[in-house]
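Atom set for the values below is all heavy atoms of this structure, side chains included, hydrogens, waters and symmetry mates excluded. In each ligand, atom 1 is the first atom listed, and ligand 1 is the first ligand listed. Being a predicted model, the structure only gives us computed values, none of them experimental.
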Amino acid sequence: MFDFLAEAQKYFTYTRDMRRDFHLHPELGHQEIRTAGIVARELQALGLEVSTGVGKTGVVAMIEGSQPGPTLLLRADMDALPILEQTGAEYASQNPGVMHACGHDGHTAILLTVAKMLHGIRAELPGSIKLVFQPAEEGQGGAEGMLADGVLDNPKVDITLGLHLWNEMPVGSFALAAGPTMAGTEIFKVRVSGKGGHGAIPHLAVDPILAGAQIVSALQSIVSRNVAPLQSAVVTVTTFHAGEAFNVIPPHVDLTGTIRTFDLDVREMVLRRFDEIVNGVAAGMGCTAQIEHVRMTPALINDAKTTKIAQGVAARIFPDSPVTTSGPITMGGEDFAFMMEKVPGLFMFVGSANAEKGLNYGHHHPKFDIDEESLPRAAALFAATAVELLNR
Ligand code: NI
């Protein structure tokens, strides 16, 4: 049988050098011009037909197998974060204030490596592989942009597959978890309006600060009293802005924050209770409230059958590696969930931390860095799972 790990190890220098090059030159969401250019160049060098500018700065290419079969979408994200890098690495960002602090540099290098590996054995593959290099994952609508540009059509995608290097797990471990794996994420914005007035004459005003404070407290009852104890949700108020002067009751208070859920029924209930509490408490305090909800990402839910196949692949390639098989993995969000919501599939987590080498800072930390030994492991798992899925 084809030895995917040995093959991925052969490409180690290529993968690492690509990753370091992207790390040196990070680009924010929808500005991945240089990165997308390198991706397109590398794919064209394989003889692939490449579409650029998909969802603004995304890149798509197809690898055709030799027989008919399913179409599998493999996705990597390319964008960096607005963070000033403090790793001191020799390949640290040369673009001050922009940093690959989530591992997307690695994801792009891994998928380029997978493209080489799968292109090399395309004569033995059924179906086709759609390589998707996505921009702007960090909350700027990258996946939605590619969906709007028809990334799931022509040819129609049957299965979706993606991965994340994960610094909350040591290198050598994996998480291939069926079911809800990453949280659905929402932003809320609330304006509570009362009636401004003199701080010393409160009875002639309607104080929105008092109402806002009661609302923040009352919102805590959703998770503690409405969500079933064995289910999970987060309701967090992260900003509270009001007033300018010590002796003035302001006319309104602005609150923002985030809601995280896994289950669609829980999500609906939390949103309903949120509105009831905000409107009800505001009214009880003589105020009115305006509420705006923005859905950032749906919950990421891994398809059970696809996950099982990948677990089998991992057990074969990495017989000694620990594999987490049930989620959730994180309350963080991931916009690949928008694609997986339309076409079921799997999002895999590849352990990338190494505490002994100091490579265990969390994602989005200015000292975030990965153990590069995770790169060939990720490429091997990605390519082998793809082949297994095509052959099923
Ligand atoms: Ni990420």
Check this for me, if you would: do [X] and [Y] make a salt bridge, where the nitrogen-to-carboxylate-oxygen distance has to be below 4.0 angstrom?
{"X": "Glu388", "Y": "Arg392", "value": "yes"}
{"X": "Arg273", "Y": "Asp275", "value": "no"}
{"X": "Arg377", "Y": "Glu372", "value": "no"}

Inset, instruction - Could you please give the number of protein N/O/S atoms within less than 2.8 Å of the Ni ion (ligand 1)? - result: 3

Inset, instruction - State, without any angle test, whether His100 and Glu85 hold a side-chain donor-acceptor pair at a distance under 3.5 Å. - result: no

Inset, instruction - Establish, from distance only, whether the side-chain atoms of Arg75 and Gln134 form a donor-acceptor pair under 3.5 Å. - result: yes

Inset, instruction - Determine the sole option in Asp369, Asp105, Asp21 for which the side chain to side chain donor-acceptor pair (under 3.5 Å) test with Tyr91 is passed. - result: Asp369

